[in-house]
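Numbering of residues begins at 1 and proceeds along the displayed sequence.
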Amino acid sequence: MSQAILVTGGAGFIGSNFVPYFCEKYPQYHVINLDLLTYAGNPDNLRECESMLNYTFVQGDICDAELISRLFEEYDIRGVIHFAAESHVDNSIKNPLAFIRTNIEGTFTLINTAYRHWMSGPNQVKPGYESCRFHHISTDEVYGTLGAEGFFRETTPYAPNSPYSASKASSDFIVRAFHHTYGMNVTTSNCSNNYGPKQHREKLIPLMIERALAEQPMPVYGAGANIRDWLYVLDHCKAIDLIFHRGRSGETYNIGGHNERNNMQIVHRICDLLDERRPRSGGKKYADLITFVADRPGHDLRYAIDATKLTEELGWHADENFDTGIVKTVDWYLNH
């Protein structure tokens, strides 16, 4: 009998890379993909799953307690991998309420339903549900911003600076509370900036590729000095797989690529790759399209992750570095 695993937000960027990988690797799991299909969710990202016998798609809202309860009952859900979130900082500045609702209320609805389905009371797991786990995917942005030195570790105090990161920090604490109060089997991962195939065009790398190919201005915030630690999306998916199966209950694991780049380095690398692969007419360079725009409010200067705990405890290593991953990424967008 297959075991039902609920994946939320599986039509989004990271989820739509994770779901095909997970379905293929674990035919013994029946993966239920719940996604509201907001602007950031794209069912075309999951075409390769349509023929998989262990895959079911459900369109719905993680805040819909009745729907979540029905899914747990109908499929007897034995694990949750929770991607679903509002995630774009600019959008959180314009409309913070949507982030509070989805990221906080939605996470509570999911974990509270899992608790009632798997446990009969605090520290009382129902017979047969001992291995059920709730894995929560979060972000390095909950830690705030770094100076020129140092790294975020699992022990770094939370200091979120945007409505987005504040809502994710709140959801992390909800998951933590269900472990410490009720004894639920939970894990959390905080990852650095992901990049790769299927990312929504609002994000830096696909936005720059799209603008460049359309020969439109390529907008860079401020002086382009903001630094991020870039993680190839499939490396993130493999880390989640490891944590879900082998991570210690109640623990947080940081996932980072050890690939720090500032925004200008990213944009110039994209321009160089496009100059090679799809040159502009008349010998013009894509870098000529770079323009600088006013910085966004509360823009964190630098994020960098120390993934030592994940590496030492679970043996995870990134397969891609930025130089290999960005080539794969640009080529994917050129082909799609």
Side-chain angles (χ1 to χ4, degrees), residues 5-19 31-43 45-46 57-72 77 79-117 134-143 158 160-178 184 186-194 198-203 233 236 240 252 296-298 300:
I5 306 293
L6 178 65
V7 176
T8 69
F13 165 43
I14 304 171
S16 65
N17 280 277
F18 178 81
V19 167
V31 175
I32 316 297
N33 176 15
L34 174 67
D35 198 295
L36 186 57
L37 295 182
T38 63
Y39 78 95
N42 183 358
N45 286 345
L46 293 157
F57 177 77
V58 178
Q59 184 172 353
D61 189 346
I62 59 171
C63 296
D64 184 343
E66 191 177 313
L67 169 65
I68 302 300
S69 184
R70 190 167 75 245
L71 290 175
F72 268 82
I77 302 293
V80 176
I81 300 174
H82 175 35
F83 290 96
E86 295 281 352
S87 68
H88 192 45
V89 175
D90 287 355
N91 292 346
S92 82
I93 294 168
K94 294 172 195 156
N95 181 21
L97 183 59
F99 287 71
I100 302 304
R101 182 176 180 273
T102 298
N103 297 353
I104 301 176
E105 182 186 336
T107 299
F108 169 77
T109 300
L110 280 168
I111 198 165
N112 191 48
T113 305
Y115 166 64
R116 289 187 284 108
H117 191 74
F134 188 103
H135 180 67
H136 174 60
I137 288 116
S138 189
T139 171
D140 59 359
E141 297 192 39
V142 298
Y143 298 122
Y158 275 32
N161 289 324
S162 70
Y164 161 59
S165 55
S167 68
K168 288 299 289 184
S170 302
S171 67
D172 294 4
F173 288 143
I174 289 167
V175 173
R176 175 188 165 87
F178 268 76
M184 273 194 77
V186 307
T187 45
T188 295
S189 55
N190 297 78
C191 71
S192 57
N193 274 39
N194 279 219
K198 305 180 183 179
Q199 191 168 24
H200 191 273
R201 58 169 58 116
E202 70 189 0
K203 302 292 188 176
V233 65
H236 184 195
I240 292 166
T252 292
R296 73 180 175 208
D300 292 332

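Side-chain atoms of His135 come within 3.5 Å of backbone atoms of Thr187 as a donor-acceptor pair (strictly under, hydrogens ignored). A donor-acceptor contact shorter than 3.5 Å links the side chain of Ser165 to the backbone of Asn161. For Asn103 (side chain) and Ser167 (main-chain N/O), no donor-acceptor pair under 3.5 Å exists by modelled atom type. No side-chain donor-acceptor contact under 3.5 Å links Asn45 to the backbone of Phe13.
By the 6.0 Å contact criterion, CZ on Arg116 is enclosed, its count of non-hydrogen atoms from other residues, nucleotides or ligands being greater than 12.
Among all heavy-atom pairs drawn from Val186 and Ile111, the shortest one is CG1-CD1, 4.0 Å. Considering all non-hydrogen atoms of both residues, Ser189 and Ile240 come closest at OG-CG1, 4.4 Å. Smallest separation of non-hydrogen atoms from Ala40 and His200: CA-CD2, 3.9 Å. Between Tyr39 and Asn91, the shortest heavy-atom distance links the atoms OH-ND2, 2.8 Å. For the pair Ala114 and Phe134, the tightest heavy-atom approach, listed with the atom from each and the gap, is CB-CD1, 4.3 Å.
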Tell me which donor-acceptor pairs under 3.5 Å the side chains of residues 168-178 have, and how far apart each pair is, sequence neighbours excluded?
residue, atom, partner, partner atom, Å
Lys168, NZ, Ile137, O, 2.9
Ser170, OG, Ala166, O, 2.9
Ser171, OG, His136, NE2, 3.1
Ser171, OG, Lys168, O, 2.7
Asp172, OD1, His136, NE2, 2.9
Asp172, OD1, Ser138, OG, 2.9
Asp172, OD2, Ser138, OG, 3.0
Asp172, OD2, Tyr158, OH, 2.7
Asp172, OD2, Asn190, ND2, 3.4

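Going from atom CD of Glu86 over to atom CG of Leu36 covers 8.5 Å, rounded to the nearest 0.5 Å. Between the OG1 atom of Thr109 and the CD atom of Glu66 there is a distance of 12.5 Å, given to the nearest 0.5 Å. Here the CG-CG distance, from Leu34 to Leu67, works out to 6.0 Å after rounding to the nearest 0.5 Å. The CD atom of Gln199 sits 7.5 Å away from atom CG of Asn194, with the distance rounded to the nearest 0.5 Å. Here Ile77 contributes atom CD1 and Leu6 contributes atom CG; the two are 5.0 Å apart, rounded to the nearest 0.5 Å. Residue Tyr143 holds its OH atom at 14.0 Å from CG of Asp300, rounded to the nearest 0.5 Å.
The side-chain hydrogen bond (donor to acceptor under 3.5 Å, both in side chains) check on Ser192 picks up nothing, with sequence neighbours excluded. Evaluation of the side-chain contact (heavy atoms from CB on, under 4.5 Å) rule for Leu37 yields Ala11, Asp35, Pro43, Phe57, Gln59 as partners, not counting sequence neighbours.
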Ile62 vs His82, test: side-chain contact (heavy atoms from CB on, under 4.5 Å). Steps then yes/no.
CA-CA 10 Å; Ile62 59 171; His82 175 35; 3.8 Å; yes
Could you please spell out the steps behind the side-chain contact (heavy atoms from CB on, under 4.5 Å) verdict for Asn17 and Lys198?
CA-CA 8 Å; Asn17 280 277; Lys198 305 180 183 179; 4.0 Å; yes
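Salt bridge Asp61/Arg101: present, at least one basic N to carboxylate O contact under 4.0 Å.
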